[in-house]
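Keep in mind that this is a model prediction, so the values were computed, not measured. Numbering of residues begins at 1 and proceeds along the displayed sequence.
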Amino acid sequence: MSPTGRRAPLPPSDHRRREIVDKTGLVVHPVGQGGEDLGTYDYSMLPGSQTLRHEVAAAFARRAKAHWDSAQSYTSYDRSVRHFLRSMAAVEPPVGSLSALTPEVWKAWAEAPGGYIRAKHVGVLLRHAPGVPQAVVAQMSKRRRQVVARPKKSLSSAEMKRVRSAAAHTVRRAERRISGNLALPERWRAGELDDHPDARWGELLDHLARTGDLPRVPSGFVRNLVQVECRRRLGAWSLQPAVTQLFPSVSEKAAAAVLLICHEGWNLSVLEKLTVPSQWPNADGGDAHPAIHRVDTDKPRRGRRRHSSSNLVEVGEDSHG
């Protein structure tokens, strides 16, 4: 239901969610909430019993439909499943089905080097799968101690302030550089640079603003005149300084990401899913009033409340917007 109280339209009565497992039962091809492709997970070519591969693929798909909505989750569990199937095919005698799995075989696999995470993943998948002996389920459910490296140390408040200050300085420098350079292509488009020494540079920045690249010859190389102009204006043959006249560098983008994390308390997974925010000018209009950037966020661990939005208000250099 929307904030205004209107109910969302329901799908047609004959609508069915697309099955994520193919007819063979060995290939899982999931899609996300927005219809995005989350990868293909094919167990048809792995060694071992086809019965076991069918059972494990079915458990993988059941868990996926109920809990996962990111390619990272699928990929992480897929690695553990593949290791499990290869290992079960290599033991003597090979494990042909989940009902043939024994506590001894499971324990030996789970306690092998690097087996803690793999056992945790596969245990989650198979604990409620049909056919798994209760003795194996009990073995899967046992809590095992993980040898953990030195605990991570959080930054102090003073350190966080220094990080945020350094990131803000980088972003502010980029914003001033790009804002200052935008005036030149605008003047060139308005015809104010005719017979002016800056006309060629204004035309070059206009091309960069429209295409995101520098003019090139059919073979793909940047035109020689462009390199000469970059050398004359920037003192270097490198094209990277020319591109960053209108676009932020990689380090400046990273600094902007750090600022959002510091201000909003987001983690990296939320930041990775962000799209360009909508911008809403203040209702009163005018340059003196703040702009509001509306950012849609996706936090899967919140369950049904995973989707929300944040308003970043732009009221100066130190504001979130």
Item to check | Any donor-acceptor N/O pair, Glu192 side chain to Arg187 backbone, under 3.5 Å | outcome: no

Checklist entry - Can you name the nearest heavy-atom pair linking Ala135 to Pro103, along with the distance? => result CB-CG, 3.6 Å

Checklist entry - Can you tell me how far the NE2 atom of His121 sits from the CG atom of Leu126, to the nearest 0.5 Å? => result 13.0 Å

Next on the checklist: Would you compute the distance between atom CD of Gln139 and atom CH2 of Trp106 and round it to the nearest 0.5 angstrom?
Outcome noted: 9.0 Å

Next on the checklist: Using every non-hydrogen atom in the two residues, find where Gly39 and Pro30 come nearest and quote the distance to one decimal.
Outcome noted: O-CD, 3.2 Å

Next on the checklist: Is there a continuous path of hydrophobic side-chain contacts, each under 4.5 Å between heavy atoms, that joins Leu85 to Val27?
Outcome noted: no

Checklist entry - Quick one: CG on Asp194 to CH2 on Trp188, what's the gap to the nearest 0.5 Å? => result 9.5 Å

Item to check | Side chains of His29 and Asp37, donor plus acceptor under 3.5 Å | outcome: yes

Checklist entry - Is it true that Val258 and Trp266 fall in one hydrophobic cluster, defined by side-chain heavy atoms closer than 4.5 Å? => result no

Checklist entry - Minimum heavy-atom separation for Ala100 to Val95, with atom names? => result C-CG1, 4.2 Å

Next on the checklist: With rounding to the nearest 0.5 angstrom, report the OH to CZ distance, Tyr77 to Phe60.
Outcome noted: 10.0 Å

Checklist entry - Transitively linked via ILVMFWY side-chain contacts under 4.5 Å: Val171 with Val163? => result no

Checklist entry - Any idea how Trp109 and His83 line up, ring-wise: parallel (<30°), tilted (30 to 60°), or perpendicular (>60°)? => result tilted

Next on the checklist: Between His54 (side chain only) and Gln50 (backbone N and O only), is there a donor and an acceptor less than 3.5 Å apart?
Outcome noted: yes

Checklist entry - Looking only at atom types and distance, does a side-chain atom of Ser156 sit under 3.5 Å from a main-chain N or O of Glu159, one as donor and one as acceptor? => result yes

Next on the checklist: Please tell me whether Leu246 and Leu184 are part of a single hydrophobic cluster in this structure, the criterion being side-chain heavy atoms less than 4.5 Å apart.
Outcome noted: yes

Checklist entry - Between Glu252 and Ser249, is there a donor-acceptor pair closer than 3.5 Å when you use the side chain of the first and the backbone of the second? => result yes

Checklist entry - Hey, is the main chain of Val132 close enough, under 3.5 Å, to the side chain of Arg127 for a donor-acceptor pair? => result no

Item to check | Pairing residues for Ser157 by the side-chain hydrogen bond (donor to acceptor under 3.5 Å, both in side chains) criterion, not counting sequence neighbours | outcome: none

Next on the checklist: Is it the case that the side chain of Asn181 and the backbone of Gln245 share a donor-acceptor pair, with hydrogens and angles ignored and the cut-off at 3.5 Å?
Outcome noted: yes

Next on the checklist: Tell me the closest heavy-atom pair linking Leu271 and Ala257, and the distance in Å.
Outcome noted: CD2-CB, 3.2 Å

Item to check | pair Val28-Thr40: side-chain heavy atoms closer than 4.5 Å | outcome: no

Checklist entry - Does Leu193 reach the side chain of Arg200, with side-chain heavy atoms less than 4.5 Å apart? => result no

Checklist entry - Stepwise, does the side-chain hydrogen bond (donor to acceptor under 3.5 Å, both in side chains) test hold for Ser44 with Asp42? => result CA-CA 6 Å; Ser44 61; Asp42 188 349; 2.6 Å; yes

Checklist entry - Is Glu203 salt-bridged to Arg189, cutoff N-O under 4.0 Å? => result no

Next on the checklist: Main chain of Val137, side chain of Ser141: is a donor-acceptor contact present, judged purely on distance under 3.5 Å?
Outcome noted: yes

Next on the checklist: Donor-acceptor pair, distance only, cut-off 3.5 Å: does the side chain of Arg53 make one with the backbone of Tyr43?
Outcome noted: yes

Checklist entry - Out of curiosity, Phe247 CZ to Leu208 CG, how far, rounded to the nearest 0.5 Å? => result 5.0 Å

Checklist entry - Would Trp201 and Leu182 show up in the same hydrophobic cluster when neighbours are defined by side-chain heavy atoms closer than 4.5 Å? => result yes

Next on the checklist: Could you check whether any side-chain N or O of Thr244 sits under 3.5 Å from a backbone N or O of Gln240, counting only pairs where one atom can act as donor and the other as acceptor?
Outcome noted: yes

Checklist outcome for this item: Residue set satisfying side-chain hydrogen bond (donor to acceptor under 3.5 Å, both in side chains) with Arg164, at least two apart, ordered chain then number -> none

Item to check | Residue Arg177 excluded, over 12 heavy atoms near CZ under 6.0 Å | outcome: yes

Checklist outcome for this item: Nearest heavy-atom contact between Ser49 and Gly96 is OG-O, 2.6 Å

Checklist entry - To the nearest 0.5 Å, what is the distance between OG1 (Thr51) and CG (Leu98)? => result 10.0 Å

Next on the checklist: According to side-chain hydrogen bond (donor to acceptor under 3.5 Å, both in side chains), who are the partners of Arg86, at least two apart in sequence or on a separate chain?
Outcome noted: none

Checklist entry - Under the side chain to side chain contact (heavy atoms under 4.5 Å, CB included) criterion, do Thr75 and Asp78 qualify, and how do the steps go? => result CA-CA 5 Å; Thr75 302; Asp78 173 68; 5.5 Å; no

Item to check | Sidechain-backbone polar pair: Glu264 side chain, Ile261 backbone, donor-acceptor under 3.5 Å | outcome: no

Next on the checklist: If we count only N and O atoms by modelled type, under 3.5 Å, do the side chains of Asp22 and Thr24 hold a donor and an acceptor together?
Outcome noted: yes

Next on the checklist: To check you understand the geometry: which heavy-atom pair defines the closest contact between Ala167 and Ala255, and what is its length?
Outcome noted: CB-O, 3.6 Å

Checklist entry - Taking it one step at a time, do Val56 and Val122 satisfy side chain to side chain contact (heavy atoms under 4.5 Å, CB included)? => result CA-CA 9 Å; Val56 174; Val122 178; over 6 Å; no

